[in-house]
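Naming: A, B, ... by sequence-line order, numbering from 1 per chain. As the structure is a prediction and not an experimental result, all values here were calculated from the model.
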4 protein chains.
Amino acid sequence: MAKSIDESKIERIKEATIEMVVDKGYGGASVSAIAKKAGVADGYLYRHYPSKQALVQDLYISYIKDFKSNILEQSENNDDFEDVLFAIIMNIFRLANEAPSRAKFLNMLMNDYTFLMSEDFLRSIPESLEKLCEVGKAKGCVSEDITTEEFVAVFPAIPIELASLRVKGIFSSEPLSEKDAKRAAKLCIKALK
Amino acid sequence: MAKSIDESKIERIKEATIEMVVDKGYGGASVSAIAKKAGVADGYLYRHYPSKQALVQDLYISYIKDFKSNILEQSENNDDFEDVLFAIIMNIFRLANEAPSRAKFLNMLMNDYTFLMSEDFLRSIPESLEKLCEVGKAKGCVSEDITTEEFVAVFPAIPIELASLRVKGIFSSEPLSEKDAKRAAKLCIKALK
Amino acid sequence: MAKSIDESKIERIKEATIEMVVDKGYGGASVSAIAKKAGVADGYLYRHYPSKQALVQDLYISYIKDFKSNILEQSENNDDFEDVLFAIIMNIFRLANEAPSRAKFLNMLMNDYTFLMSEDFLRSIPESLEKLCEVGKAKGCVSEDITTEEFVAVFPAIPIELASLRVKGIFSSEPLSEKDAKRAAKLCIKALK
Amino acid sequence: MAKSIDESKIERIKEATIEMVVDKGYGGASVSAIAKKAGVADGYLYRHYPSKQALVQDLYISYIKDFKSNILEQSENNDDFEDVLFAIIMNIFRLANEAPSRAKFLNMLMNDYTFLMSEDFLRSIPESLEKLCEVGKAKGCVSEDITTEEFVAVFPAIPIELASLRVKGIFSSEPLSEKDAKRAAKLCIKALK
DNA sequence: TATGAATGAGACTTCATTCAT
DNA sequence: CATGAATGAAGTCTCATTCAT
């Protein structure tokens with residue numbers, strides 16, 4: 001019981017952190033503002049995270065982990081390769097539709113050279129994509145001469161860019177549909193063939 | 001009569017700003033540290049820019065403008081469409097090879113929701129890409145049913161991602177070659193067909 | 001649960017501010033110096049006032065309010081008019097004797113064209129004096145042809161000037177006595193008759 | 001010829017200084033802003049004054065000197081005492097009418113405990129008023145039991161306050177007339193009798 | 001346990017002053 | 001002589017973090 005209250009507080013802190021960081025940037029997201037938005041005391045935050053930096057890093061890493069494990073999971077799926085890509089894309093699009101702040105947060109930190117993770121972890125992301133690339137080649141959907149680097153620049157870069165454009169509202173602000181995901185998957189398949 | 005403005009100082013400030021922002025993030029790049037790195041007095045910066053924010057914004061916008069004008073220029077090139085893409089990609093790769101900090105800086109701010117430019121300017125970038133997309137369709141290189149959004153997610157997103165991966169040294173740290181650019185152009189062409 | 005606000009600290013800040021402003025001027029009274037004199041941290045001040053300017057303004061306004069309400073209070077007093085003036089003068093003299101810094105502070109800001117208060121408030125001070133002037137006329141102690149402006153130039157200008165001269169130690173540094181106040185009241189009465 | 005250009009520059013600096021100090025306060029009146037307003041280079045100012053402080057002090061002292069010498073001059077005038085006061089008052093009122101900034105400047109610094117002049121000079125002002133007070137007593141216009149302090153609190157305090165109220169526009173913004181000066185002189189005479 | 005008062009290092013910025021031209 | 005580019009000390013203010021309650 002006491003624990004569940006605790007959990008909800010932590011959840012609120014996480015939510016508040018993401019929104020503040022996306023809205024005001026890392027520097028502009030003050031611990032006080034985050035705590036206020038989460039409805040907890042400034043000091044409370046420090047009972048669960050040693051520093052603001054650690055809080056943001058933790059959130060970032062946990063999202064990256066989710067993403068990575070989703071890719072690994074789907075890689076082991078025996079379906080049609082296009083369906084595998086489609087499933088992963090749907091995950092990305094769902095995030096953009098349902099939790100745009102989280103999507104922005106991820107996008108922002110992934111392109112911020114300040115938020116580097118441990119070397120080990122940094123290597124582990126490409127590895128999951130490398131595996132997916134190999135599956136694609138094995139299934140004859142990815143040309144043998146495509147490098148992993150090129151693969152990554154297509155997938156997941158294309159769907160991420162699509163999600164990012166929607167979240168920013170550059171060309172449209174409509175939610176990303178299943179049809180959009182299908183088209184995205186096809187786009188990637190064409191590029192990689 | 002009085003001393004003339006030392007342009008090299010301003011250049012050094014720009015250089016220092018980019019490097020500091022890339023290394024430490026916007027918040028971590030203190031004006032003092034930038035000034036020190038540039039070898040000028042702390043206050044000097046404020047004789048040319050009204051604020052730290054304006055300094056970074058100015059640099060950002062000038063780079064975006066360069067990029068945009070390069071795209072517009074190439075769009076009017078009557079060569080083969082693949083060659084047009086190749087030329088733009090070469091520009092991106094050259095930047096990544098020769099001025100990796102500048103490339104990182106651009107990539108970082110383009111994905112930072114805090115650094116928004118004026119509405120007018122924000123709209124002008126997609127417009128240049130829309131024009132390129134139409135040229136591609138006119139030349140029969142881009143399928144009629146590709147939306148501008150999809151076009152952008154392929155080009156320039158793919159070459160930018162490739163440049164970003166190299167600059168981060170994820171799969172390789174070799175300079176991006178002309179051959180890499182040719183392959184990237186082909187990748188885009190395949191996706192858009 | 002948490003520490004409670006230390007009111008004495010706020011009091012010390014007020015005291016220190018007044019003394020520093022009087023000694024060094026508004027510009028010369030740095031927040032750091034004020035904080036040091038008050039024995040609090042530099043940043044502490046900003047938990048109670050949004051800016052240095054607001055701190056000084058607040059102090060100024062609260063003193064002016066006290067002064068104004070004292071005049072209004074005495075105006076409703078049914079005593080002899082000279083006694084009314086005497087009571088107000090005693091208040092001014094007491095301030096000069098007991099809290100000379102406060103008296104200097106008030107005098108300084110009242111003659112500083114930078115520290116203007118809200119229009120409403122600015123109007124409200126002459127109003128209280130206008131009322132007093134009318135009371136004086138009703139009681140036959142102030143000649144009917146004296147304008148409010150002239151009234152104000154006599155009262156409270158004369159006692160304020162007397163207090164100011166003492167506080168500066170120009171002619172004497174003795175505390176202002178009850179006898180001094182009596183003479184001052186008489187002086188005003190003679191002028192206004 | 002060259003000298004006259006020089007003189008006009010210095011005059012412009014003086015004018016600009018007074019206006020800036022009155023408008024923005026001593027701290028808010030930056031040397032750059034003063035120089036710009038005067039149409040001279042920042043550095044030019046330092047060829048004539050060793051510091052900003054000295055510039056302001058110099059102006060202040062020269063105005064005080066003018067005022068003092070006017071009082072001394074009039075004290076030796078053998079006219080009716082009321083006419084003597086009237087002549088001095090007219091001088092104060094003329095200043096308020098024709099050069100309100102200068103009047104404000106003087107008033108501001110006279111009530112600023114930061115701008116203290118040399119001890120010698122500080123003493124010399126009351127002395128001129130003391131002399132005037134004695135003349136008043138000799139002519140039977142000032143009661144023997146009036147102290148110099150009281151005399152000063154009446155004269156020149158009353159006319160200065162009247163001028164100040166007009167300049168601030170509290171009760172009226174009309175120029176101060178000869179009639180106003182006559183009434184002010186009468187007011188002082190009544191108080192001092 | 002949770003709070004929020006308090007801290008103080010350090011951020012951004014201003015501006016009096018200097019001096020090469 | 002006059003200029004204004006350049007300096008850097010010092011000012012105002014913010015905010016991550018601590019700790020008494």
S.K.: Want to settle it: does V40(D) or Y44(B) sit nearer the 5' end of DNA chain F, counting the closest nucleotide to each?
M.R.: V40(D)
S.K.: Could you tell me whether the side chain of K104(D) reaches within less than 4.5 Å of the side chain of E19(D), counting heavy atoms only?
M.R.: no
S.K.: Reading DNA chain F from 5' onward, which residue's closest nucleotide shows up sooner: A29(C) or G27(A)?
M.R.: A29(C)
S.K.: Side chain of D42(A): nearest nucleotide among dT7(F), dT17(F), dT17(E)?
M.R.: dT17(F)
S.K.: Whole angstrom is fine here: how far is it from CG in D6(C) over to P in dG4(E)?
M.R.: 18 Å
S.K.: Identify the heavy atoms of S51(B) and Y46(B) that sit nearest to each other, and give their distance.
M.R.: CA-CE2, 3.9 Å
S.K.: Only one of Y63(C), F105(C), Y26(C) clears ring-ring contact (aromatic ring centres under 6.0 Å, His included) with F115(C); which?
M.R.: Y26(C)
S.K.: Over all heavy atoms of both residues, which pair between K52(C) and G27(C) is shortest? Give the atoms and the distance, please.
M.R.: NZ-O, 3.9 Å
S.K.: Counting distance only, does the side-chain N/O of K24(D) pair as donor-acceptor with the main-chain N or O of S30(D) below 3.5 Å?
M.R.: no
S.K.: Rounded to whole Å, please give me the gap between CG in L45(C) and P in dA5(E).
M.R.: 16 Å
S.K.: M20(B) CE to dA11(E) C1': how many Å, rounded?
M.R.: 13 Å
S.K.: May I ask you to evaluate whether K9(B) reaches the phosphate of dT7(F), defined as a side-chain N or O under 4.0 Å from OP1 or OP2?
M.R.: yes
S.K.: Under a 3.5 Å limit for both distances, which nucleotide forms a Watson-Crick or G-U wobble pair with dA20(F), could you say?
M.R.: dT3(E)
S.K.: Might you point out which heavy atoms bring A35(B) and A41(B) nearest each other, and give the distance in Å?
M.R.: CB-O, 3.9 Å
S.K.: Assign V31(B) to base, sugar-phosphate, or nothing according to its heavy-atom contacts below 4.0 angstrom with the strands shown.
M.R.: base
S.K.: Can you tell me which nucleotide in dT12(F), dG8(F), dT3(F) comes closest to the side chain of A41(B)?
M.R.: dG8(F)
S.K.: Which ones in residues 46-59 of chain C lie close to DNA chain E, meaning a heavy atom under 4.0 Å from one of its atoms?
M.R.: R47(C)
S.K.: Rounding to an integer number of Å, can you tell me how far I5(B) CD1 sits from dA20(E) P?
M.R.: 18 Å
S.K.: As an exercise, state the distance from NZ of K65(D) to NZ of K68(D), rounded to the nearest 0.5 Å.
M.R.: 7.5 Å
S.K.: How close or far is atom C1' of dC15(F) from atom OH of Y26(A), stated in whole angstroms?
M.R.: 12 Å
S.K.: Between atom NZ in K24(A) and atom P in dC15(F), what is the gap in whole Å?
M.R.: 11 Å
S.K.: To the nearest angstrom, how far is I34(C) atom CD1 from dA10(F) atom P?
M.R.: 17 Å
